[in-house]
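This report concerns only the one structure given below.
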Amino acid sequence: MTFGKRQSGVGAAAQALNADMAAAQSQVVTESAGAPGHPFRWLIALVACGVMLYGLVTSYGPDILRDHRLAGTWQPAYDLRAMDGKCERTNFVITFCSAKIKSVARPDQAPIDHRFMMLFSGGGGEALVPVRSTVDRTAVSIFYAAETKRWNRTLSFISAVVILALFNVIALLCFWRAVN
Amino acid sequence: MALLKTVGVICCIWLVWASFQLPSGSGDVASRQTLSVSEEPDRIVLGWSGPVQEPMSERVAAALDRYNADQRRLVLVLNSPGGSIEHGRKVVAAIRARDRAIDTLIQKAGVCASMCVPIFLAGTERVADPEAYFMFHQASLSSSARDNMKRQEFSASENALFSQAVKAIETQVTDDFFRNDIGIRGVNMVWLARMREKIPGHDIWMSGQQLVDEGSGIVDRLIRTPAR
């Protein structure tokens, strides 16, 4: 019973390929459908997906919302300088970028960490120009992220949230089934 | 046919992917010049953001002309890293040529650096947020002028002489700049002389509050501009 999930997959495939074996396999399928795994496994999966979803939303969500609210109001912040900018691309699909924004007018101030995520674009060779909103003078960003890639970041964020939320729902359903 | 479809799909995916790899050109934003106009019941606010270079004087002059007959106060809000001394003088002349009061303002976290300072000083009333930033430094030859000079083939001794000459020119231009462009109405000459001594090889950043505290005479009045 502990490997019931694997039996279920094999059984289902065989059923599709060979109709004669359907009766023989049906018992296995029925058994494994009722026991998708130990509930504790699904609980761990549920918590892990939940934590990832929470981390994603709290890390990238507020910045994206703010950038949409302040769209079109950014102007170069000549007192700031972007340093240590880097982008890491995974499988040519998703790119995580980070940079530090430091004040040259007040070098005693701690640099601001700026992170963003986008799909498909690599970000290589792009100039990191620090900008500040004319509407909210406390809002600081990188022009490339705030304006050029605003919609890319938004869609990337929504896609990642939807995928993680889907995993969460699946884990929750499996946990529920395993418990009952 | 199936192969053709597959190749077509792959090409489409590749084209979409490749379109994401094109450079965005977002680096140009630092040198972009914008002039915004905001009409308020009691004043007209002209907001300049960008370097002091062509066509700033023409754009500012055109905006000032447009509101010349308007009875409301004119305020020029500056956010600039500085730029050409020659062009900055044209902007100052354009402001002074108008037969009316034009105030200048640097907002919270706004920057008025280098050649922007004389433009700020051209205002009838010079107002800044305590957290506005001003920067003073030595004049230098533009990068294009330096590149042109470097293209000439000189010997090592000629290069040394050339460097000395460039340094002497820059010092002279800076002295002239401090005396004629910054050392004007209301600016404290003792403070200015101290600043002139500090700047060789350094960019000196000062907030609006610091300038007032030091009695520089650069800022007439401090006001808290809204942060949001």
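Just so it is clear: chains get the letters A, B, ... in the order the sequence lines come, proteins before strands, and each one is counted from 1.
Of residues 70-84 of chain A, those residues with a non-hydrogen atom less than 4.5 Å from any non-hydrogen atom of chain B are, in numerical order, A:Gln75, A:Pro76, A:Tyr78, A:Asp79. Scanning residues 205-224 of chain B against chain A with a 4.5 Å non-hydrogen threshold yields B:Trp205, sorted by number. Of residues 44-62 of chain B, those residues with a non-hydrogen atom less than 4.5 Å from any non-hydrogen atom of chain A are, in numerical order, B:Ser49, B:Gly50, B:Pro51. Annotation: residues 44-53 of chain A contacts chain B through no residue [non-hydrogen atoms, separation under 4.5 Å].
Heavy-atom neighbours of A:Asp108 CG from other residues, nucleotides or ligands within 6.0 Å: above the threshold of 12. Residue B:Lys167 qualifies as open at atom NZ: its count of foreign heavy atoms under 6.0 Å is 12 or below. Counting non-hydrogen atoms of other residues, nucleotides and ligands closer than 6.0 Å to CD of B:Glu86 gives a total of 12 or fewer.
With a threshold of 4.5 angstrom between heavy atoms, B:Thr34 does not approach chain A through any atom at all. Looking at A:Val140, there are no atoms closer than 4.5 Å to chain B (heavy atoms on both sides), in backbone or side chain.
Separating the OG1 atom in B:Thr225 from the CZ atom in A:Arg137 is a distance of 7.0 Å, to the nearest 0.5 Å. For the atom pair CZ of A:Arg106 and CD of B:Glu131, the computed distance is 6.5 Å after rounding to the nearest 0.5 Å.
Panel note: side chain A:Arg132, backbone B:Ala109; a donor-acceptor pair is recorded below 3.5 Å.
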